[in-house]
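Read the structure below first, then the notes.
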Amino acid sequence: TAKTMFPASSGDGSSWFKADAVDGTGAIDKTTLAAATKDGKLDPDYVYVNELNIKNDGKLKVTNIKIKFLALADASDYARIALVPKAGASSDTDVVTTTGTFASNVYDNQGESYYPIVSATASTAVSSTTITCNNTTEIDVPDLDAGKMAYYDLYVWFEGQDKDCKNANSGQPIPQLRFDVTGDPVEE
């Protein structure tokens, strides 16, 4: 189902902040700045967080694996997705990991750059380092031998520091995202 979202921003995917927009500028009203939490947890009205894990349950190695996400272009101009590779527990011998940070794994439909909010303190709220979005909708996954997995953290939010993020647009739905996973089995 579609998820109704309000603007939020983060530089690292760990700490999230919300504020009113200064309409049309891609900036925040620092007097309204607050942490995007509710009852001590991340407020799901501001950011959706989950996992997207890929497992090869077959008997053959699979190569050329791609995750393609659909419906992002149908969302607002300031909708964002981050799909961040992550490691399993230290005891997991079946997990294949790739490197990546939140900032280098942010996607939108325009490939724009923005300065994320990194603090709830007005004087240091906005990062001096930009995040440049990827506008591809297809992500490469490492080759997976039989029984191996690749783990990803998934974030979906409205970027409050995007120039198209206006207060009048708050509370808009993001359509249900679909993820198609494809790959080529390899006979050995």
Side-chain angles (χ1 to χ4, degrees), residues 3 5-22 25-30 32-37 41-54 65-73 75-89 95-142 149-166 169 174 177 179 181:
K3 176 75 178 153
M5 306 291 285
F6 295 90
S9 187
S10 176
D12 61 8
S14 296
S15 300
W16 289 83
F17 306 94
K18 61 184 179 179
D20 291 342
V22 179
T25 68
I28 60 165
D29 175 359
K30 292 182 181 179
T32 63
L33 189 63
T37 55
K41 296 182 179 176
L42 198 56
D43 190 332
D45 289 337
Y46 289 90
V47 57
Y48 174 82
V49 182
N50 212 320
E51 290 185 359
L52 181 67
N53 301 325
I54 309 299
I65 303 169
K66 311 258 185 219
I67 300 171
K68 183 172 185 178
F69 39 83
L70 309 170
L72 181 59
S76 73
D77 287 341
Y78 51 94
R80 299 288 188 272
I81 294 176
L83 195 56
V84 186
K86 71 175 201 173
V95 177
V96 175
T97 60
T98 56
T99 58
T101 64
F102 174 84
S104 64
N105 286 273
V106 175
Y107 299 83
D108 74 0
N109 62 1
Q110 297 181 351
E112 296 204 355
S113 298
Y114 63 94
Y115 292 90
I117 305 171
V118 294
S119 168
T121 304
S123 61
T124 58
V126 180
S127 174
S128 59
T129 305
T130 58
I131 289 178
T132 300
C133 299
N134 304 289
N135 63 359
T136 180
T137 57
E138 201 169 73
I139 299 167
D140 292 328
V141 177
M149 294 180 284
Y151 287 172
Y152 294 86
D153 281 328
L154 169 67
Y155 306 81
V156 182
W157 75 102
F158 280 174
E159 179 47 57
Q161 289 288 87
D162 187 287
K163 70 183 187 322
D164 293 319
C165 187
K166 301 174 177 64
N169 294 335
I174 289 182
L177 293 171
F179 295 90
V181 180

- [ ] Would you confirm whether Lys30, through its side chain, and Ala122, through its main-chain N or O, come within 3.5 Å as a donor-acceptor pair?
- [x]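 Yes.
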Open item on the list: Check whether Ser119 reaches the backbone of Thr121 with its side chain - one donor and one acceptor, N or O, closer than 3.5 Å.
Closed with: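 At least one qualifying donor-acceptor pair exists.
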Task: Test log, rule side-chain contact (heavy atoms from CB on, under 4.5 Å), inputs Thr124 and Val118 - done: CA-CA 8 Å; Thr124 58; Val118 294; over 6 Å; no
Task: Criterion side-chain contact (heavy atoms from CB on, under 4.5 Å) on Asp43 and Thr37, from CA distance to verdict - done: CA-CA 5 Å; Asp43 190 332; Thr37 55; 5.9 Å; no
Looking at every non-hydrogen atom in both residues, tell me the closest pair between [X] and [Y] and how far apart they are.
X: Val84; Y: Thr101; result: CG1-C, 3.8 Å
X: Glu138; Y: Thr136; result: N-OG1, 3.2 Å
X: Thr25; Y: Val22; result: OG1-O, 2.7 Å
X: Ala103; Y: Gly11; result: CB-O, 4.1 Å
X: Ala79; Y: Ile174; result: CB-CD1, 4.3 Å
X: Val49; Y: Tyr155; result: CG2-CD2, 3.8 Å

Open item on the list: Surrounding CZ of Phe179 (heavy atoms of other residues, nucleotides or ligands, distance under 6.0 Å), is the total greater than 12?
Closed with: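 For Phe179, atom CZ is crowded (more than 12 foreign heavy atoms under 6.0 Å).
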Open item on the list: Looking at Lys66, I'd like to know if its NZ atom is crowded, meaning that more than 12 non-hydrogen atoms belonging to other residues, nucleotides or ligands lie closer than 6.0 Å.
Closed with: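 Result for NZ/Lys66: enclosed.
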Task: side-chain contact (heavy atoms from CB on, under 4.5 Å) between Ile67 and Tyr152, worked out - done: CA-CA 11 Å; Ile67 300 171; Tyr152 294 86; 4.0 Å; yes
Could you measure the distance from the [atom1] atom of [X] to the [atom2] atom of [Y]? Nearest 0.5 Å is fine.
X: Asn169; Y: Tyr78; atom1: CG; atom2: OH; answer: 4.0 Å
X: Ile131; Y: Tyr115; atom1: CD1; atom2: OH; answer: 11.5 Å
X: Ile28; Y: Leu33; atom1: CD1; atom2: CG; answer: 4.5 Å
X: Arg80; Y: Gln161; atom1: CZ; atom2: CD; answer: 10.5 Å
X: Glu112; Y: Glu159; atom1: CD; atom2: CD; answer: 11.0 Å
X: Asn134; Y: Ile139; atom1: CG; atom2: CD1; answer: 8.0 Å

- [ ] List the steps and the verdict of side-chain contact (heavy atoms from CB on, under 4.5 Å) for Tyr114 and Asp108.
- [x] CA-CA 12 Å; Tyr114 63 94; Asp108 74 0; over 6 Å; no
Open item on the list: If we check side-chain contact (heavy atoms from CB on, under 4.5 Å) with Ser9, which of these qualifies: Ser127, Pro116, Ser15?
Closed with: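 Answer after filtering Ser127, Pro116, Ser15: Pro116.
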Open item on the list: Ring centres under 6.0 Å, that's the criterion: do Trp16 and Phe6 meet it?
Closed with: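 Centroid separation for Trp16 and Phe6: 6.0 Å or greater.
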Task: Check: Phe69 ring centroid to Tyr107 ring centroid under 6.0 Å - done: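 Ring-ring flag for Phe69/Tyr107: true, centres closer than 6.0 Å.
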TODO: Return yes if a side-chain donor-acceptor contact under 3.5 Å exists between Ser113 and Thr130, otherwise no.
DONE: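 No donor-acceptor contact under 3.5 Å links the two side chains.
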